[in-house]
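Since the structure is predicted, the reported quantities are computational estimates derived from the model, not experimental observations. All values below were derived from every heavy atom in this structure, side-chain atoms included, with hydrogens, water molecules and symmetry-related copies excluded.
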Amino acid sequence: MNKARVEAFTDAVLAIILTIMILELKVPDSNQLSAILSELPYLFSYTVGYLLIGVAWYSHHYMFSKTSGISKRVYWANNFWMFTTSFIPMATAWIGRDLKAQGPKSFTPSSFTSGPPLTSY
């Protein structure tokens with residue numbers, strides 16, 4: 001498997017995920033700075049999600065820089081990680097609606113942590 005293609009595909013998927021996340025942030029109806037206050041819970045959850053994806057992206061590139069090739073196991077582990085990461089836009093939007101709700105609190109960590117570490121393959 002070509003390592004560069006897997007890296008490029010992963011970069012594209014993560015870029016799309018980040019784009020979807022920012023599209024959830026709504027433009028206020030008013031021109032007053034205080035109008036953004038109603039979006040603060042989502043802005044907070046977006047920031048946390050963006051930072052976590054940024055750290056994961058950096059770690060992904062670091063791990064791939066240390067390998068010479070991609071096995072089928074690593075390829076499928078990477079796909080599973082991207083699949084679970086693709087839930088982050090929904091998780092950030094959901095928790096942004098109500099920071100105290102139990103459902104988003106339970107779902108959000110699983111979307112960040114359910115991908116297997118590639119170093120175990």
Side-chain angles (χ1 to χ4, degrees):
M1 171 84 25
N2 186 330
K3 182 172 87 163
R5 288 188 53 94
V6 174
E7 287 179 296
F9 180 60
T10 303
D11 287 348
V13 169
L14 292 180
I16 291 167
I17 290 169
L18 292 172
T19 301
I20 291 169
M21 283 173 50
I22 194 62
L23 292 175
E24 285 293 323
L25 189 61
K26 305 300 179 213
V27 176
D29 293 328
S30 170
N31 290 334
Q32 300 294 323
L33 186 57
S34 61
I36 197 74
L37 292 177
S38 65
E39 292 295 321
L40 283 181
Y42 182 75
L43 189 58
F44 175 74
S45 64
Y46 166 76
T47 302
V48 170
Y50 190 95
L51 291 172
L52 287 172
I53 289 174
V55 168
W57 176 82
Y58 178 82
S59 298
H60 183 271
H61 279 281
Y62 179 77
M63 286 189 297
F64 271 60
S65 73
K66 299 295 182 191
T67 186
S68 58
I70 303 297
S71 68
K72 284 184 182 181
R73 294 181 90 182
V74 170
Y75 171 77
W76 285 110
N78 189 65
N79 277 343
F80 182 72
W81 173 70
M82 288 187 301
F83 172 74
T84 59
T85 304
S86 70
F87 286 104
I88 292 175
M90 187 195 53
T92 58
W94 194 15
I95 203 165
R97 284 188 194 161
D98 184 1
L99 294 174
K100 296 179 183 177
Q102 189 59 40
K105 284 182 183 178
S106 301
F107 178 77
T108 301
S110 66
S111 66
F112 288 116
T113 60
S114 53
L118 295 177
T119 54
S120 64
Y121 293 94

For this session: Supply the members, apart from Val55, of the Ile/Leu/Val/Met/Phe/Trp/Tyr cluster built from side-chain contacts under 4.5 Å; use none for a lone residue.
Result: none
For this session: Go through the structure and list residues passing side chain to side chain contact (heavy atoms under 4.5 Å, CB included) with Asp11, not counting sequence neighbours.
Result: Trp57, His61
Result block: side-chain N/O donor-acceptor pairs under 3.5 angstrom for residues 14-30, not counting sequence neighbours:
{"residue": "Thr19", "atom": "OG1", "partner": "Ala15", "partner atom": "O", "Å": "2.8"}
{"residue": "Ser30", "atom": "OG", "partner": "Gln32", "partner atom": "N", "Å": "3.0"}

Seminar exercise, completed: Residue set satisfying side chain to side chain contact (heavy atoms under 4.5 Å, CB included) with Tyr62, at least two apart, ordered chain then number -> Ser65, Lys66
Exercise. Rounded to the nearest 0.5 Å, what separation is found between the OG1 atom of Thr92 and the CG atom of Leu52?
Worked result: 11.0 Å
Problem set entry | Pairwise distance OG1(Thr85) to CZ(Phe80) - rounded to 0.5 angstrom | 9.5 Å
For this session: Assess whether atom CG of Leu33 is packed by more than 12 heavy atoms of other residues, nucleotides or ligands within 6.0 Å.
Result: no
Please table the atom pairs, donor to acceptor, closer than 3.5 Å between any side-chain atom in residues 1-10 and protein atoms at least two apart or in another chain.
{"residue": "Asn2", "atom": "OD1", "partner": "Ala4", "partner atom": "N", "Å": "2.9"}
{"residue": "Lys3", "atom": "NZ", "partner": "Phe64", "partner atom": "O", "Å": "2.8"}
{"residue": "Lys3", "atom": "NZ", "partner": "Thr67", "partner atom": "O", "Å": "2.8"}
{"residue": "Thr10", "atom": "OG1", "partner": "Val6", "partner atom": "O", "Å": "2.8"}
{"residue": "Thr10", "atom": "OG1", "partner": "Asn78", "partner atom": "ND2", "Å": "2.9"}

Problem set entry | Cluster check Tyr50, Ile36: I/L/V/M/F/W/Y, side chain < 4.5 angstrom | no
Exercise. Which atom pair, heavy atoms only, marks the closest approach of Pro89 to Ser86?
Worked result: CD-O, 3.2 Å
